[in-house]
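Encoded as structure tokens, the structure appears first; notes follow it.
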2 protein chains.
Amino acid sequence: MASPTIRDVAREAGVSTATVSYVLNNSRRVGEETRRKVIEAAMRLGYRANITARNLQASETRLLGYSWRPTPPDQFNPILDQFLNAIAQAAAHHEYHILTFPAETIEEELAIYQDMVLTGQVDGFILSNTNLNDERVRTLLKMEFPFVAFGRSNPEWDFAWVDVDGKEGTAMAVRHLVQQGYRRIAHLAWPEDSLTGQYRLGGYQAAMEEAGLGVDPAWIVRTENRHDDAYRRTRGLLELPRQRRPDAVVASSDLMAIGAINAALDAGIEVGKELAVVGFDDAPVARYLRPPLTTLRQPITEIGERLITMLVALCQGRRVDDPHVLLPPQLVVRASSGAG
Amino acid sequence: MASPTIRDVAREAGVSTATVSYVLNNSRRVGEETRRKVIEAAMRLGYRANITARNLQASETRLLGYSWRPTPPDQFNPILDQFLNAIAQAAAHHEYHILTFPAETIEEELAIYQDMVLTGQVDGFILSNTNLNDERVRTLLKMEFPFVAFGRSNPEWDFAWVDVDGKEGTAMAVRHLVQQGYRRIAHLAWPEDSLTGQYRLGGYQAAMEEAGLGVDPAWIVRTENRHDDAYRRTRGLLELPRQRRPDAVVASSDLMAIGAINAALDAGIEVGKELAVVGFDDAPVARYLRPPLTTLRQPITEIGERLITMLVALCQGRRVDDPHVLLPPQLVVRASSGAG
DNA sequence: TAGATGCAGTTAAACGTTTAAACAAATTGT
DNA sequence: ACAATTTGTTTAAACGTTTAACTGCATCTA
């Protein structure tokens, strides 16, 4: 039952525990004969060094904490699966593991961070969905504890992050729609306090201007990231007088794009012809929608790898060369934007 | 920077480290005055016991491992989000945490289990998506290492599991369809080697018999859990001669149900009237499909709680009262089955 | 009054590693 | 040929807890 310890191996090989450690970690010259004896003994007993003991001695945990707020039942998190996979996979390459802990509220989350830092539960944190004035960022910066973020926050705060270039993303969407012949392009934006929403709106505005297209103020619709809000507001857009009625919608998420599609369907408007719709995220279901949804895919795997590489460096006290990484999303063209 | 240790607290309070430990863990009678001094000193220094040290001494990790195979890009895992939340939340209540580690292949996964057991990385495992002759179950049973499974396996293997009653689920779906007036009900089943698929098929057959409805062999279609297969095979069903053509489909998953709906749409058949469709899982997107998808919701939160309660008991060497838990799914009726 | 009992605290070992320092033996340099 | 260096190994401390065993001391019991 009980696993063999380094002492058992030492006894079996007839050497000291130090020698066993040196051999197994290759951390010092050891005689050929002794090395052989140790390795054989370790093999024979099936010995593997106990991780807790090693961690205590090294005062590290090789654990990285990741927390996310549970998704409300009427929404979905299109990338959690991929993201968790990406960071766990990347962490494994550095011999780290991911510790997950969900928190219902922001206060609870902050308390857990405090706790974990003080009790030495993890070596660092991965944040996601950061926003302006993000309390988590503020707290961790103040504690000077290693962390990285998927998402940006206040520009004056100096911390390592990776983000998707949302501005470029919506700009790509608009350019694509313009190329398809659409002109009256609306934008389903997130509330003003969302930094990500600001970037995406910015890309829309920039690309519209670049294309020499005027923007009717009614075309910029701010709603929460909810299907029903997007649905309702899109119905509103479609009821605008003919001249002002949008012929395309760039949504800030696939969830909202689905709301827009459903609104058009229920209004008897053909999606992909009379109304083009573009989403954001490339949720797994996007390709199976009718019509299949044109959307912006985030390079989740690369994001995860970059984040972990930076975080591991921070945990080991190394400097991070380039702590601000902005990656472009990829436009995945499907029928909802009139192509094909 | 460095956190205070129990020695710092002891010095600050003018007592021994043992006393500090006794006070903070409430594990022994301690004088009122001394207790006060210790607590104040701990407060003053912001002391929290180091978890690694505590774990080493207790020879435990308070970590539970959970692994899942990454979802292929053309599929989706409708419940990972909820499930991870449920187990992490439940674990937290017992002061445990979830360690995630994805594995690409089954061999890799088995190797990782071995590794984690031998190095004492975790106290127990949570498996999901178990099947007949599941190598993970076999391995962990042989190692006599604590684990629980979301899903069943060979009946002769004695281990703790929680599962959704798939047989009852599809039976509920069939009864509901019969009540709605459908008679020629088909079933999109999983391959024969899928235990879960067997149960779901069994429920379909039982309920059809119970309703006194004959089953045309062509109505039982076996495919992988993929949209495109379900789509293709549903097209086939819809091309059957009028008398044999199904008027309803019970799918083994929401992903397959989406394939069926799309097949009907593309064949110009109205879903929810000419063809009813029922899915399984209640994926977050199910309610936003057109028509909204009738489906069977799994009680994920309860599953997670039950699993963790059992696993924690096993980790602490306690006996589990009822190690086999079968929970009924809940039929969520929406328009795709002709209701409303 | 001597012994037993209770109480409140301390000492020291233990958990299983790693690693700096010490040591003995073999090798090198002059 | 003797000191200096190198090589291979061991001893012992350290990481930060918990806890069994022990020590005084006061109180009770017969």
Whole-Å distance separating the CG atom of A:Asn55 from the C1' atom of C:dC15
14 Å
Heavy-atom nearest nucleotide on DNA chain D for A:Arg35 versus B:Ser27: which residue maps closer to 5'?
A:Arg35
When you get a sec, tell me which of D:dC22, C:dA21, C:dT17 is the closest nucleotide to the side chain of A:Tyr22?
C:dA21
Is the phosphate of D:dG8 approached by A:Arg29 (side-chain N or O, under 4.0 Å from OP1 or OP2)?
yes
Nearest heavy atom decides the nucleotide; on that basis, is B:Glu33 or B:Ala58 closer to the 5' end of DNA chain C?
B:Glu33
Atom CG of A:Leu56 and atom C1' of D:dA13 are separated, to the nearest Å, by 13 Å
Atom CZ of A:Arg28 and atom C1' of C:dT19 are separated, to the nearest Å, by 7 Å
Any side-chain N or O of A:Thr5 below 4.0 angstrom from OP1/OP2 of C:dG16?
no
Roughly, in whole Å, what's the span from CD1 in A:Ile6 to P in C:dA14?
18 Å
Per atom distances to the B:Arg54 side chain, the nearest of C:dT18, C:dT11, D:dT17 is D:dT17
Without decimals, in angstroms, what is the distance between B:Glu32 CD and C:dA8 P?
10 Å
If you check every side-chain atom of A:Asn50, which of D:dA20, C:dT17, C:dT11 has the closest atom?
C:dT17
Nearest to the side chain of B:Gln57, heavy atoms from C-beta on, is which of D:dG8, C:dT18, D:dT17?
D:dT17
Consider the side chain of A:Thr34, meaning its heavy atoms from C-beta on, and name the nucleotide among C:dA21, D:dG8, D:dG16 that approaches it most closely.
D:dG8
Base, sugar-phosphate, or nothing: which does B:Asn25 touch, judged by heavy atoms less than 4.0 Å apart?
sugar-phosphate
Just so I know, are the side chains of A:Tyr66 and B:Thr100 near enough to count as touching, which here means a heavy-atom distance under 4.5 Å?
no
Indicate yes or no for a side-chain donor-acceptor contact from A:Arg62 to the backbone of A:His94 under 3.5 Å, with no hydrogens or angles considered.
yes
Any salt bridge linking A:Arg306 with A:Glu302? Criterion: basic side-chain nitrogen under 4.0 Å from a carboxylate oxygen.
yes
Nucleotide C:dT19, atom C1' - distance to CG of A:Leu24 in whole Å
15 Å
Rounded off to whole Å, could you give me the CG-to-C1' distance for the A:Asp8 and C:dT17 pair?
13 Å
Let's test your reading of the model: under 3.5 Å, does the base of D:dT17 pair with the side chain of B:Arg7 as donor and acceptor?
no
With a cut-off of less than 4.0 Å, is there a side-chain N or O of B:Thr17 near OP1 or OP2 of D:dT17?
no
When you compare the side chains of B:Asn55 and A:Thr52, does any donor N or O come within less than 3.5 Å of an acceptor on the partner?
no
Less than 4.5 Å apart, any side-chain heavy atom of A:Tyr47 and any of A:Leu24?
yes
Closest to the B:Ala18 side chain: D:dT18, C:dT11, D:dG16?
C:dT11
Remember a base hit wins even if backbone is also touched, and classify B:Ser59 as base, sugar-phosphate or nothing at under 4.0 Å, heavy atoms.
nothing
Which part of the nucleic acid, if any, lies within reach of A:Arg48 when heavy atoms closer than 4.0 Å are counted: base, sugar-phosphate only, or nothing?
sugar-phosphate
Between A:Phe150 and A:Ile126, is any pair of side-chain heavy atoms under 4.5 Å apart?
no
